[in-house]
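Only this structure's heavy atoms are used, side chains among them; waters, hydrogens and symmetry mates stay out.
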Amino acid sequence: MFALGSFLLAGLICQSLGQYDYEDEYYIPYAPLEGASTANCAQECECPPSFPTAMYCNDRSLKFIPIVPTGIKYLYLQNNFIEEIKAGVFDNVTDLRWLVLDNNIITSEKIQAGTIDKLGSLEKLLFSHNKLTKPPGLRTKSLDELKLVANQLNSFPATTLSGMEHLTTLHLSKNKLTTESLTGAFKGLKSLLLLDVSENMLKKLPSGVPASLLMLYADNNDIDSVPGGYLAKLPLLQYLRVSHNKLVDSGIPAGVFNVSSLLELDLSFNKLKTIPEINESLEHLYLQVNEISKFDLTNICKFSSPVNYSRLRTLRLDGNNITHSSMPDDTANCLRQASEIIFE
């Protein structure tokens, strides 16, 4: 259990650093190589004696979920050919904590009512790479992680996450969600730290996002503007990624990114013509592949002095209409901490 939790934490940190490159499935829990199972185990699966509350049924070409015996709290069913979740399959383990169903072919219509939604102690539900058109019914108040990446979600009822005050991580990327379909979806999520809605069909950043958020990923959508004061409502936000969208200067209100909490801002692959105003506390700014033709230093540093300067360490401007010669004379004072400034 400890080792698997460490993988999860490492994955969350990994996704928060620098110009990122990470795999979607940031941990894959496999059974320890012990060659034996406890007596209390489905014959299709493996329950290692060193971890008797876990049942590993992954990578076994299963077309169904075996009946889960009493005492199992961690169930791994990823990488199979499971098409449905039948009634009664979890009747013996209503206290199940982890349920991993990634990489199967389950549809929303084939999830029987009263199966997943009876798991009142569930902490992690990993349901990526299936064929869901709507999220499964959930009644648990203990969930801390929900992953529905790469399904076919086109709706997300506002009541789906109701009462989930412990939810910290929500992955909804690679679906067919619109701005409207997420209306009211995040109400009451007091502990949410990471929200990933990248690779959907959003035209605006999601509304009603909780003030607890540290990381918001909205890459690869159709977003053309950021509402005035949007980040002011997220006082803890450190990482904002809106790359590969349709942002233009007129859609960026003055000072909207000038917030002291932000450490990384990714606006690459948009249609910006100027460098937006940022706060001196920002450490990583990605603006590559826009239409920027002027290096406006005042949007990075209002003025430079021994105690007033930008904390930027990374500034990417490659793929724009700008070169090193565009940098004003006072750039060295302003960007004294920068270790990487890329123009081409």
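- Among pairs with a residue in residues 210-312, those fulfilling disulfide bond (SG atoms under 2.5 Å apart) read Cys301-Cys334, at least two apart in sequence or across chains.
- Asn103 and Asn79 are linked by a side-chain donor-acceptor pair at a separation below 3.5 angstrom, with hydrogens and angles left out of the test.
- Using a 4.5 Å cut-off on side-chain heavy atoms (C-beta onward), Phe64 and Glu84 make no contact.
- The shortest distance between side-chain heavy atoms of Asn320 and Val289 does not fall below 4.5 Å.
- The environment of CZ in Arg311 is crowded: more than 12 heavy-atom neighbours from other residues, nucleotides or ligands sit within 6.0 Å.
- Shortest non-hydrogen contact noted between Ile300 and Leu312 is CG2-CD1, 4.1 Å.
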- Query: What do the steps show when you test Gln337 against Tyr309 for side-chain contact (heavy atoms from CB on, under 4.5 Å), and what is the final call?
  - Reply: CA-CA 9 Å; Gln337 289 193 338; Tyr309 55 90; 3.8 Å; yes

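- There is no side-chain donor-acceptor pair under 3.5 Å between Asp144 and Thr168.
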- Does the side-chain contact (heavy atoms from CB on, under 4.5 Å) test come out yes or no for Ile85 and Ile116, once each step is laid out? CA-CA 9 Å; Ile85 301 179; Ile116 294 178; 3.7 Å; yes

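- The main-chain N or O of Val68 is found under 3.5 Å from a side-chain atom of Asn92 such that the two form a donor-acceptor pair.
- Taking both residues in full, the closest heavy atoms of His171 and Val149 are given as CB-CG2, 3.6 Å, listed atom of the first, atom of the second, then distance.
- Under 4.0 Å is where a charged nitrogen must lie from a carboxylate oxygen, and between Lys190 and Glu165 at least one such pair does.
- When the side chains of ILVMFWY residues are joined at heavy-atom separations under 4.5 Å, either directly or via intervening members, Leu287 and Val248 end up in two distinct hydrophobic clusters.
- Asn279 is not listed as a side-chain neighbour of Leu262, based on a closest heavy-atom distance of 4.5 Å or more.
- Paired with Val197 under the rule side-chain contact (heavy atoms from CB on, under 4.5 Å), one option of Val209, Asn220, Leu205, Leu182 passes, and it is Leu182.
- For Phe156, there are no ring pair (Phe, Tyr, Trp, His ring centres under 6.0 Å) partners two or more places apart in sequence or in a different chain.
- Partners of Pro328 under the side-chain contact (heavy atoms from CB on, under 4.5 Å) rule, at least two apart in sequence or in another chain, are Phe295, Leu297, Thr331.
- Residues satisfying the side-chain hydrogen bond (donor to acceptor under 3.5 Å, both in side chains) criterion with Ser121, sequence neighbours excluded, are absent altogether.
- The pair Lys204-Asp224 counts as a salt bridge, with a side-chain nitrogen and a carboxylate oxygen less than 4.0 angstrom apart.
- In the hydrophobic clustering of ILVMFWY residues, with side-chain heavy atoms under 4.5 Å counting as a link, Leu263 and Leu214 come out together.
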- Go through the steps for Ile278 and Asn299 under the test side-chain contact (heavy atoms from CB on, under 4.5 Å), then give the verdict. CA-CA 6 Å; Ile278 60 170; Asn299 280 346; over 6 Å; no

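- Residues passing the ring pair (Phe, Tyr, Trp, His ring centres under 6.0 Å) test with His324 are Phe343, sequence neighbours excluded.
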- Task: Could you walk me through whether Glu277 and Asn258 pass the side chain to side chain donor-acceptor pair (under 3.5 Å) test, one step at a time?
- Result: CA-CA 6 Å; Glu277 179 185 350; Asn258 188 1; 2.9 Å; yes

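- Two residues are said to be in side-chain contact when any heavy atoms from C-beta on lie closer than 4.5 Å; Pro135 and Pro157 meet this criterion.
- Note that OG of Ser142 is 10.5 Å distant from NZ of Lys124, once rounded to the nearest 0.5 Å.
- Remark: Thr169 OG1 to Leu195 CG distance equals 10.0 Å, nearest 0.5 Å.
- Summarising the geometry, atom OG1 belonging to Thr140 is positioned 8.0 Å from atom CG belonging to Leu138; distances are rounded to the nearest 0.5 Å.
- No side-chain heavy atom of Glu180 sits under 4.5 Å from any side-chain heavy atom of Met201.
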- Message: Could you go through Lys118 and Asp91, starting from their C-alpha distance and side-chain angles, then the distance that decides it, and tell me whether this counts as side-chain contact (heavy atoms from CB on, under 4.5 Å)?
- Response: CA-CA 8 Å; Lys118 72 164 51 177; Asp91 281 359; 2.6 Å; yes

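- Rounding to the nearest 0.5 Å places OG1 of Thr107 at 9.5 Å from NZ of Lys131.
- Note on residues 247-282: pairs passing ring-ring contact (aromatic ring centres under 6.0 Å, His included), not counting sequence neighbours, are His244-Phe269.
- Taking the ring axis of Tyr286 as reference, the NZ or CZ atom of Arg316 does not stay both within 45° of it and closer than 6.0 Å to the ring centre.
- Taking 4.5 Å as the limit, some side-chain heavy atom of Leu172 sits within range of a side-chain heavy atom of Leu177.
- Under a cut-off of 6.0 angstrom, the local environment of NZ in Lys63 is sparse, with at most 12 non-hydrogen atoms contributed by other residues, nucleotides or ligands.
- For the pair Lys147/Glu145, a side-chain contact is recorded, criterion being any heavy-atom separation below 4.5 Å from C-beta on.
- Leu240 has its side chain out of reach of Asp266: every pair of non-hydrogen atoms, C-beta onward, lies at least 4.5 Å apart.
- Of the charged side-chain nitrogens involved, none lies within less than 4.0 Å of a carboxylate oxygen, so that Lys302 and Glu280 do not count as a salt-bridged pair.
- In the hydrophobic clustering of ILVMFWY residues, with side-chain heavy atoms under 4.5 Å counting as a link, Leu236 and Met215 come out together.
- Ring centers of Phe51 and Tyr74: under 6.0 Å apart, within the cut-off.
- Taking both residues in full, the closest heavy atoms of Ile322 and Lys294 are given as CD1-C, 3.6 Å, listed atom of the first, atom of the second, then distance.
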- Message: Apply salt bridge (Lys or Arg N to Asp or Glu O under 4.0 Å) to residues Arg241 and Asp219 and explain how you reach the verdict.
- Response: CA-CA 6 Å; Arg241 298 174 181 166; Asp219 309 292; 5.6 Å; no

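- Listed for the Asp117 side chain is a donor-acceptor partner under 3.5 Å among the backbone atoms of Gly114.
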- Task: Could you please spell out the steps behind the side chain to side chain donor-acceptor pair (under 3.5 Å) verdict for Asn200 and Asn175?
- Result: CA-CA 5 Å; Asn200 276 285; Asn175 281 288; 4.8 Å; no

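- Closest approach of Cys47 to Ile72, counting heavy atoms only: SG-CD1, 4.2 Å.
- One finds the CG atom of Leu315 at 8.5 Å from the CD1 atom of Ile342 (value rounded to the nearest 0.5 Å).
- When atom types are taken as modelled, the side chain of Ser212 and the backbone of Leu192 share a donor-acceptor pair closer than 3.5 angstrom.
- Here the closest non-hydrogen pair linking Leu122 and Leu125 is CD2-CB, 4.0 Å.
- In terms of heavy atoms, Glu199 sits closest to Asn221 at N-ND2, 3.8 Å.
- Not one N or O on the side chain of Thr159 forms a donor-acceptor pair closer than 3.5 Å with the backbone of Ser162.
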- Message: Does Asn290 form a side chain to side chain donor-acceptor pair (under 3.5 Å) with Asn270? I'd like the steps, not just the answer.
- Response: CA-CA 5 Å; Asn290 275 278; Asn270 278 283; 4.9 Å; no

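- The pair Lys273-Asp249 does not count as a salt bridge, with every side-chain nitrogen at least 4.0 angstrom from each carboxylate oxygen.
- In this structure, CG in Leu194 is found 8.5 Å from CG in Leu170, a value given to the nearest 0.5 Å.
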